Amino acid sequence: MKQLLVFIRKEFYHVFRDRRTLLILFGLPIVQIVLFGFALSSEVKNIGISIMDNARDVQSGQIIDKIQSSSYFKVKEPVLNYAEIERRFKDGSIKCAVLFPANFGKDLYRTGGAQIQLIADASDPNTATIVTNYLNSIIADYQQQLNPDLKPSYRIIPELRQLYNEEQNGSLNFIPGVIALIFMIVSTALTSVAVVREKELGTMEILLVSPFKPIMVLVAKAIPYLVLSLVNFIIILLLSVFLLDVEIRGSLLLLFAESILFIVTCLSLGLLISNVTNSQQTAMLLSMMGMMLPTMLLTGFMFPLENMPWIFRVISHVIPSRYYYAIVKAVMLKGLGFSYVWKETLILLGMSALLLTLALRNFKIRLQ
Amino acid sequence: MKVLLFILQKEFRQIFRDKIILAMMFAMPTIQLIIMPLAANFEVKNVNVVYVDHDHSSYSQKLIRKIASSGYFKIAGQPDSYRNGLEMIGNGEADLVLEIPAGFERNLVREGSQKVNLAVDAINGTKSSLGGAYLVSVLTDFNSNLDINIKSPGNVAKTPAAGITVDSSNWYNPRAEYKYYMVPGILVLLLTLIGGFITALNIVKEKEIGTIEQINVTPIKKWQFILGKLIPFWIVGIIVFTVGLVVMYVIYGIFPQGNLLILYLFAAVYLVALLGLGLLISTFADTQLQAMFIAFFFMMIFMLMSGFFTSTDSMPDWARTMSNLTPVTHFISVVRLIVLKGSGFSEVKAEFFYLIGFAVVLNGCAILNYRKTS
């Protein structure tokens with residue numbers, strides 16, 4: 001036991017000696033939380049838009065006023081011809097153009113039908129759809145003002161309830177994702193590199209010939225990264241609660257227990273990688289490129305899994321972070337109890353057991 | 001000049017000797033460019049709806065059929081109570097619960113209005129807001145159909161007094177397909193990853209193994225060493241970019257609308273800036289692990305701020321300034337403009353000067369920071 005403590009202390013020295021990596025390790029979650037929380041939003045605001053008003057009458061002016069007062073749009077100088085519209089699309093300064101034909105107001109009152117043309121830059125399809133919808137609703141609103149009795153007389157009124165997130169806090173969805181990502185980086189990538197470095201430098205041989213049990217070498221390697229992951233986890237939780245006003249609804253104890261389980265899964269994966277590779281570069285490539293990308297893509301926190309081709313959905317079932325993501329969402333954000341996540345927990349347990357067995361089996365205590 | 005040629009020869013030999021790195025440089029971006037756009041899709045479809053129908057009338061049936069046939073929703077079940085429906089949201093089996101109360105049809109016909117309950121899982125903001133909005137628009141549509149069906153024919157004839165029709169058209173991507181937006185962006189990201197990581201790792205590896213000392217004691221000048229490192233990776237980058245363009249055309253059928261020469265001009269300058277960044281990172285890091293992490297840190301921020309995932313327009317001012325100060329932002333926007341809209345040089349020249357600026361500043365810092373002696 002005393003021996004193990006000494007070894008763990010040695011590993012901590014290794015970790016603390018590399019200040020730069022440590023700085024990035026703690027900087028990364030903080031920067032990510034701040035960016036996701038404050039800079040990035042899937043909302044659409046301040047969209048550049050130009051108006052070509054060939055009518056210049058009261059009605060078109062009223063609609064333009066309405067558009068101008070909306071915070072969604074930033075109305076640029078008016079344009080006079082199509083070539084100018086195209087030029088602005090091409091230098092990227094506008095995303096949409098609104099065209100009023102000559103005699104807009106006259107048409108509206110005399111013939112009872114006037115046309116507005118919207119041209120959206122659909123090279124960014126989501127923005128184009130949203131902008132067109134906004135403009136349509138502004139115009140519909142104006143029309144409603146003109147003749148208030150136009151409303152349909154039969155109405156189904158939806159009573160919309162936003163479950164778990166009444167104040168529409170946009171940060172909720174990504175926090176579990178950031179946590180899973182950080183665990184993958186610390187527990188999988190760093191651990192695998194740490195073991196392989198000893199192999200590469202030759203110090204592993206010294207450890208193996210010591211009277212210390214070889215398995216304990218691995219245990220001692222893993223413990224500092226377990227601690228680092230937990231510290232990072234606490235930092236992320238504190239930031240989410242105090243900086244982003246996210247409410248932790250479920251039991252903290254359950255959340256911690258599940259997180260430790262996932263960290264163990266990641267550590268086992270890291271150890272497995274380190275045992276099958278021989279150079280830091282290969283280990284890094286495997287853990288960073290090979291593991292990080294599937295984690296980001298197939299966990300479901302960036303892109304909805306439902307839309308992916310079936311093959312990706314099948315593959316996503318073997319990615320541990322997917323289950324952890326579901327657990328954190330359920331426990332932390334929805335406040336659900338263990339009875340809702342036992343399936344995911346069981347899968348993670350199974351994965352950890354499998355990975356750990358594989359890692360230990362591949363751990364070579366003899367030199368080639 | 002001759003010295004430079006020898007260094008270049010050495011670098012190319014090293015690149016071609018390491019099969020893993022070679023595979024990482026060429027195969028990985030190609031495979032990812034083929035796979036990623038399939039997975040990276042922000043379109044919201046297949047929102048899982050469960051409904052509780054207490055009315056079992058022909059109208060409630062009609063409404064549900066309308067929802068199911070709208071294309072956005074998938075009917076995921078029919079729990080027997082609203083409470084069970086909420087349970088299904090908790091389990092993640094459903095995103096949205098619709099409850100149709102008893103007396104739905106009667107109230108609708110007699111009193112002209114009826115409430116229905118909707119609950120959405122709002123943790124995923126985009127999905128819930130879009131899913132909710134879709135459902136509301138399906139309801140609105142249903143309402144106006146009811147108008148025509150229920151009202152007496154005499155009333156229908158009353159045409160709206162002043163109708164504005166909106167004629168909207170989508171330029172550059174008439175069917176609003178997401179791949180046109182994503183594929184060029186992913187190409188830029190992959191190029192950035194390759195360019196940024198490989199140079200940094202390569203130089204730090206020489207440091208770690210100690211071979212950099214051997215180079216330092218030779219009469220090789222600083223600029224020769226740096227150029228010797230930059231040129232091979234610049235060529236690799238241009239090849240990767242070309243491969244990417246070919247993949248984009250062959251797999252996704254996207255051919256640059258604009259001038260290829262201008263596109264390559266931008267890629268050339270961008271790569272110089274990127275390699276400068278890699279070089280700068282390598283002067284700070286002592287081990288490959290450090291280099292990898294520092295590079296990862298910056299790449300992460302660059303990617304998030306670049307407007308690849310979310311529009312830069314909707315960022316707060318400080319974030320937009322920050323986004324303007326990252327090279328990736330400008331290159332992504334240029335590639336999208338040239339590839340999708342066929343913009344000419346005069347329309348994107350501001351971005352060109354930005355990129356030139358980054359190239360000069362990053363390489364300048366790297367050269368100043370590079371020491372032949374430790």
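All values reported here derive from a predicted model rather than from experimental measurement. Just so we're on the same page: letters track the sequence lines, and every chain starts at 1.
- Note: A:N46 leads A:I47, A:D107, A:V98, A:N46 in heavy-atom pairs under 4.5 Å with chain B.
- Residues B:K179 and B:P184 approach most closely at O-CD, 4.1 Å, considering heavy atoms.
- Separating the OG atom in B:S343 from the CD1 atom in B:I338 is a distance of 7.0 Å, to the nearest 0.5 Å.
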What pairs of donor and acceptor atoms, side-chain ones from residues 288-302 of chain B against any protein atom, are under 3.5 angstrom apart with sequence neighbours left out?
{"from": "B:Q288", "atom 1": "OE1", "to": "A:Q281", "atom 2": "NE2", "distance (Å)": "3.3"}
{"from": "B:Q288", "atom 1": "NE2", "to": "B:E208", "atom 2": "OE1", "distance (Å)": "2.8"}
{"from": "B:Q290", "atom 1": "OE1", "to": "A:R20", "atom 2": "NH1", "distance (Å)": "3.1"}
{"from": "B:Q290", "atom 1": "OE1", "to": "B:D286", "atom 2": "N", "distance (Å)": "2.9"}
{"from": "B:Q290", "atom 1": "NE2", "to": "A:D18", "atom 2": "OD1", "distance (Å)": "2.5"}

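- Ring geometry for B:Y59 versus B:F142: interplanar angle over 60°, hence perpendicular rather than tilted (30 to 60°).
- Chosen from B:Y172, B:W318, B:W171, B:F284, the residue pairing most often with chain A at heavy-atom distances under 4.5 Å is B:W171.
- Annotation: the span from B:L118 atom CG to B:E99 atom CD amounts to 10.0 Å, rounded to 0.5 Å.
- The part of B:K205 that comes within reach of chain A is its side chain, from C-beta onward, which places non-hydrogen atoms under 4.5 angstrom from that chain.
- Residues A:P176 and A:Y325 approach most closely at CB-CD1, 3.5 Å, considering heavy atoms.
- Contact count versus chain B (heavy atoms, under 4.5 Å) is highest, among A:G92, A:A283, A:A120, for A:A120.
- For the set A:I185, A:T127, A:T132, the count of heavy-atom pairs under 4.5 angstrom toward chain B peaks at A:I185.
- No more than 12 heavy-atom neighbours from other residues, nucleotides or ligands sit within 6.0 angstrom of CH2 on A:W310.
- At a 4.5 Å heavy-atom cutoff, the contact between A:L25 and chain B is made by side-chain atoms alone.
- In this structure, the portion of A:K74 lying under 4.5 Å from any heavy atom of chain B is its side chain and not its backbone.
- For B:A350, no part lies under 4.5 angstrom from a heavy atom of chain A.
- Nearest heavy-atom pair across A:F89 and B:L337 is O-CD2, 3.9 Å.
- From A:L99, atom CG reaches atom CD of A:Q117 across 5.0 Å, with rounding to the nearest 0.5 Å.
- B:I89 touches chain A through backbone and side chain together, each having a heavy atom under 4.5 Å away.
- Of the listed residues (A:G27, A:A122, A:P309), the greatest number of heavy-atom pairs within a distance under 4.5 Å of chain B belongs to A:A122.
- In terms of heavy-atom pairs under 4.5 angstrom with chain B, the leader among A:T21, A:I63, A:L23, A:I24 is A:I24.
- Listed by first then second residue, pairs satisfying salt bridge (Lys or Arg N to Asp or Glu O under 4.0 Å) with a partner in residues 111-133 of chain A read A:D121-B:K341, not counting sequence neighbours.
- Heavy atoms closer than 4.5 Å to chain B are found nowhere in A:Q59, neither backbone nor side chain.
- Contacts of A:L336 with chain B are made by side-chain atoms alone, with heavy-atom separations under 4.5 Å and no backbone atom involved.
- A:R87 touches chain B through backbone and side chain together, each having a heavy atom under 4.5 Å away.
- B:E347 contributes a side-chain N or O that, together with a main-chain N or O of B:G344, makes up a donor-acceptor pair within less than 3.5 Å.
- Proximity to chain B involves both the backbone and the side chain of A:L333, based on heavy atoms less than 4.5 angstrom apart.
- When each of A:F312, A:F104, A:Y72 is checked for heavy-atom pairs under 4.5 Å with chain B, A:F312 comes out on top.
- Contact of B:L98 with chain A is not made at all, since no heavy-atom distance falls under 4.5 Å.
- Here the CG-CG distance, from B:L63 to B:L108, works out to 9.5 Å after rounding to the nearest 0.5 Å.
- Contact of B:L135 with chain A is not made at all, since no heavy-atom distance falls under 4.5 Å.
- Heavy-atom distances place both the backbone and the side chain of B:L304 under 4.5 Å from chain A.
- Contacts of A:L181 with chain B are made by side-chain atoms alone, with heavy-atom separations under 4.5 Å and no backbone atom involved.
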